[in-house]
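Worksheet: one structure, shown below.
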Amino acid sequence: MSTLGIIAILTLLYWLYITYDAHNGMHLLHTLPRSLKLPDKPPLVSVIIAAKEEESTILETVRHLLSQNYPRLEIIAVNDRSQDATGVRLDELRRWSQNKSEISTPLKIIHITHLPDGWLGKNHALYQGYQQARGQYLLFTDADILFSPSAITDAVTYMKEKDVQHLTLTPNMIARGALLKGFVHFFLFSFSLFVRPWRANLDNAREPGIGIGAFNMVSRSAYEAIGTHKAIALRPDDDLQLGISLKKAGFRQKVLSGKHILQVEWYPTLKAAVIGLEKNLFSGFRYSYSIALLACLGQLIFFILPWLGLISLWDWRGAIYALDVILQIWLYRKLMTRLMDKRAEEAYLLPVSASLLLYTIIRSVWLTWKQGGIYWRGTFYSLRELKKK
């Protein structure tokens, strides 16, 4: 049997396995239910946002949070060394909210001007927010998320009813243009097949865990038990690592779809998406060249090669690759519907999106190697320093 034939069989085995695993697990990926009744004695929730050069989005995010119908809430926005008008806008918004009798939610603003050694800026900012927080529950979120008025009420009610210590939600991801939409959705698809988020909902499993930056709500006691953001101080993928640490420690974790209550425009253009991801993709492979190489081979063999084989091989190998493509499209559309309520008409762009992600991974590794580290939010971190964490 030829090498190409062996690879064709291996790709089919992969897609049969991952489709079976996902099909059996996707019933665990529910949509966060609407809350019909607040829990007795609602706990205080502290929302913590880190913002650096976010003047175009931070005001809308905070305004949505100020409009929450949850009765016991505080918002802590941390201006992390911004060089634009982020800090000014936040101070103006605080003064405005204090003069509105209908707004009872306190808004605290923290201005950070110095980053100590051993920290990534965002992680340090979130940790500073935690130190000012009084809540029994902590919600770590990003500075570009739009919340429906019931988002926090729904989340707290669910956590209390299900005795969950960590709840993370997938947002509805807005992308303009077919290529950008295909790339963003494919990244979520590929990431989901890598981490298999449905397994995080299994209570008897310590691994794998997951966290999503748009919405990471955690009980204060669980967060402190894993060492807070100090334990992941130099991780660019802090949201994911927070979830992994909580799951490893044995805390009850749930990942659900928040497509009806959370919305984010992740990147405005395809170029911005590639540049944004190339900064931290290598960290997801623990800065290991061998793991990154395996990831690249996986993208090439399991996601791109079946499409090439489908159009170039007219024998039994081509038939196998055609089946691979059918399974890939079916699973892609199934996951997009489950997580974001998307019909995924852009499935025909899967080989293009996979090729773009392969390029981004290669570029992320190359840039990190060339620079000897990464530039993250305006600060350089050496590879030697990053590997310590």
Side-chain angles (χ1 to χ4, degrees), residues 1-27 29 179 182-200 202 205 207-208 210 240 274 277-278 281-339 344 346-366 368-369:
M1 184 180 296
S2 66
T3 301
L4 202 56
I6 294 172
I7 293 175
I9 293 173
L10 289 175
T11 57
L12 178 59
L13 291 175
Y14 168 79
W15 282 108
L16 287 173
Y17 166 73
I18 201 67
T19 301
Y20 174 81
D21 186 53
H23 179 68
N24 287 338
M26 269 193 285
H27 72 278
L29 292 176
L179 277 175
F183 180 67
V184 168
H185 290 176
F186 178 78
F187 176 80
L188 177 61
F189 174 61
S190 182
F191 175 75
S192 295
L193 297 189
F194 179 66
V195 301
R196 287 178 277 185
W198 50 88
R199 293 194 172 187
L202 297 173
E207 296 184 66
I210 187 173
L240 175 61
V274 172
L277 287 173
E278 70 186 18
L281 269 181
F282 195 21
S283 71
F285 308 124
R286 298 186 178 276
Y287 302 105
S288 167
Y289 294 105
S290 57
I291 295 176
L293 176 60
L294 289 174
C296 290
L297 290 174
Q299 284 291 315
L300 178 62
I301 293 172
F302 298 120
F303 291 93
I304 300 172
L305 188 59
W307 292 83
L308 297 176
L310 169 66
I311 62 176
S312 62
L313 297 174
W314 296 89
D315 53 17
W316 63 271
R317 297 169 300 178
I320 287 180
Y321 283 130
L323 182 55
D324 292 340
V325 168
I326 291 171
L327 291 173
Q328 190 178 141
I329 292 173
W330 180 86
L331 190 53
Y332 175 80
R333 300 193 67 169
K334 188 83 171 177
L335 265 173
M336 291 304 101
T337 301
R338 175 71 66 165
L339 293 175
E346 74 285 350
Y348 67 93
L349 288 171
L350 278 169
V352 177
S353 301
S355 300
L356 280 171
L357 184 57
L358 176 61
Y359 165 79
T360 307
I361 295 172
I362 293 172
R363 184 167 169 80
S364 177
V365 175
W366 179 75
T368 306
W369 172 79

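Side chains are part of it too, since the values below use all heavy atoms of this structure and drop only hydrogens, waters and symmetry mates.
- Screening Leu349, Val352, Leu277 against Phe183 for a side chain to side chain contact (heavy atoms under 4.5 Å, CB included) leaves a single residue, Leu277.
- The structure places CD of Gln328 at 9.5 Å from CD1 of Ile304, a figure rounded to the nearest 0.5 Å.
- To the nearest 0.5 Å, atom CE of residue Met336 and atom CG of residue Leu339 are 5.5 Å apart.
- Each salt bridge (Lys or Arg N to Asp or Glu O under 4.0 Å) pair with one or both residues in residues 182-194, not counting sequence neighbours, would appear here, but there are none.
- Atom OG1 of Thr3 and atom CD1 of Ile6 lie 5.5 Å apart (nearest 0.5 Å).
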Self-check item: Evaluation steps, side chain to side chain contact (heavy atoms under 4.5 Å, CB included), between Val325 and Leu350
Solution: CA-CA 9 Å; Val325 168; Leu350 278 169; over 6 Å; no
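- Other residues, nucleotides and ligands place more than 12 heavy atoms under 6.0 Å from the CH2 atom of Trp316.
- Taking CG of Leu300 as the reference point, atom SG of Cys296 lies at 9.0 Å (rounded to 0.5 Å).
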Practice problem: Give the intermediate values and the outcome of side chain to side chain contact (heavy atoms under 4.5 Å, CB included) for residues Glu346 and Tyr332. | Solution: CA-CA 10 Å; Glu346 74 285 350; Tyr332 175 80; 2.6 Å; yes
Quiz item: Given Ile311 and Tyr321, is the side chain to side chain contact (heavy atoms under 4.5 Å, CB included) satisfied, shown in steps?
Solution: CA-CA 9 Å; Ile311 62 176; Tyr321 283 130; over 6 Å; no
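- Applying the 6.0 Å contact sphere to CZ of Phe194 captures no more than 12 heavy atoms from other residues, nucleotides or ligands.
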Side chains of residues 356-364: which donor-acceptor pairs under 3.5 Å do they make with residues two or more places apart or in other chains?
from   : atom 1 : to     : atom 2 : distance (Å)
Thr360 : OG1    : Leu356 : O      : 2.7
Arg363 : NE     : Glu278 : OE1    : 2.8
Ser364 : OG     : Glu278 : O      : 2.8
Ser364 : OG     : Phe282 : N      : 3.1

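- In this pair, Phe186 and Phe303 present their aromatic rings perpendicular. The plane angle is above 60°, beyond the 30 to 60° band.
- Counting only residues at least two apart or in different chains, salt bridge (Lys or Arg N to Asp or Glu O under 4.0 Å) contacts with residues 298-312 are absent.
- Rounding to the nearest 0.5 Å gives a distance of 11.5 Å between OG of Ser192 and NE2 of His185.
- Contact detail for Gly25 and Trp198: the closest heavy-atom pair is O-CB, 3.2 Å.
- Under the side chain to side chain contact (heavy atoms under 4.5 Å, CB included) criterion, Ile291 pairs with Phe285, Ser288, sequence neighbours left out.
- Residues passing the side chain to side chain contact (heavy atoms under 4.5 Å, CB included) test with Asp315 are Leu313, Arg317, sequence neighbours excluded.
- Taken to the nearest 0.5 Å, the CG atom of Leu240 stands 8.5 Å off from the OG atom of Ser283.
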Side-chain donor-acceptor contacts of residues 7-18 below 3.5 Å, not counting sequence neighbours, with atom names and distances?
from  : atom 1 : to     : atom 2 : distance (Å)
Thr11 : OG1    : Ile7   : O      : 3.3
Thr11 : OG1    : Ala8   : O      : 2.7
Thr11 : OG1    : Asp324 : OD2    : 2.7
Trp15 : NE1    : Phe302 : O      : 2.8
Tyr17 : OH     : Arg196 : NH1    : 2.7
Tyr17 : OH     : Arg199 : NH2    : 3.4

